[in-house]
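FYI, side chains are in, hydrogens and waters are out, and symmetry mates aren't considered; it's all heavy atoms of this structure.
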Amino acid sequence: QVQLVESGGGLVQAGGSLRLSCAAAGRTFNTYATGWFRQAPGKEREFVAAITRSGRSTFYADSVKGRFTISSDNAKNTATLQMNSLRPEDTAVYYCAAATSSSWLATTSGYDYWGQGTQVTVSS
């Protein structure tokens, strides 16, 4: 069992940056792949980024590629999403998730545990 808690959300102007963190309690992150998803009002939850258990491979949605960076620190049991050059369309609740398998990291069904989410609002 893993409990995930996100932090770091907030209000930022377009072009600004935010750093989201995901803290894990329970089993350590090095036994899970980690992903970030987001959900805007009235829309489905969508994939943002993922990192494998080893940390050697990362994956990004096309909409955030080159602007967002995912990383994990197994010693601190945390995962981070650095978001730069933010746009109003990045506004959403951001969720951290952990997966026992790295087979379906771009889909919500590929994850076993979810955090409660943190709000990110980007003003124009």
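- Between Y32 and Y113, the distance from one ring center to the other falls under 6.0 angstrom.
- In this pair, F68 and Y94 present their aromatic rings tilted. The plane angle is within the 30 to 60° band.
- Note: R45 CZ to W114 CH2 = 5.0 Å, rounded to the nearest 0.5 Å.
- Within a 6.0 Å radius of NZ in K43, other residues, nucleotides and ligands contribute 12 heavy atoms or fewer.
- No donor-acceptor pair under 3.5 Å is formed between the side chain of Y60 and the backbone N or O of V48.
- Here the side chains of C22 and L4 are in contact, with some heavy-atom distance below 4.5 Å.
- Taking CD1 from I70 and OG from S57, the interatomic distance works out to 11.5 Å, rounded to the nearest 0.5 Å.
- Remark: R53 CZ to S101 OG distance equals 7.5 Å, nearest 0.5 Å.
- Note on residues 3-12: no pairs pass side-chain hydrogen bond (donor to acceptor under 3.5 Å, both in side chains), not counting sequence neighbours.
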Below 3.5 Å, can you tabulate the donor-acceptor pairs from side chains in residues 9-19 to any protein atom, sequence neighbours excluded?
| unit_1 | atom_1 | unit_2 | atom_2 | d |
| --- | --- | --- | --- | --- |
| S17 | OG | N84 | OD1 | 2.9 |
| R19 | NH1 | Q82 | OE1 | 3.0 |

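- One distance of note links CZ of R56 with CD1 of I51; it measures 11.0 Å at 0.5 Å rounding.
- For S71, the side-chain contact (heavy atoms from CB on, under 4.5 Å) criterion is met by T80, not counting sequence neighbours.
- Looking at T52 and F59, their side chains come closer than 4.5 Å, going by heavy atoms from C-beta outward.
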Using side chain to side chain contact (heavy atoms under 4.5 Å, CB included), reason through R38 and T91 one step at a time and then give a plain yes or no.
CA-CA 9 Å; R38 67 187 181 187; T91 296; over 6 Å; no
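- Hydrophobic clustering, with ILVMFWY side chains joined whenever heavy atoms are under 4.5 angstrom apart, groups L105 together with Y95.
- Using modelled atom types, one side-chain atom of N77 and one backbone atom of A24 make a donor-acceptor pair closer than 3.5 Å.
- For the residue pair T34 and A79, the shortest heavy atom distance occurs at CG2-CB, 3.7 Å.
- Listed here is the closest heavy atom pair of A99 and Y111: CB-CD2, 3.6 Å.
- Between S63 atom OG and D90 atom CG the span is 7.0 Å, to the nearest 0.5 Å.
- The hydrophobic clustering, which links ILVMFWY residues whose side-chain heavy atoms are closer than 4.5 Å, places V122 and V64 together.
- Annotation: the span from T69 atom OG1 to R67 atom CZ amounts to 11.0 Å, rounded to 0.5 Å.
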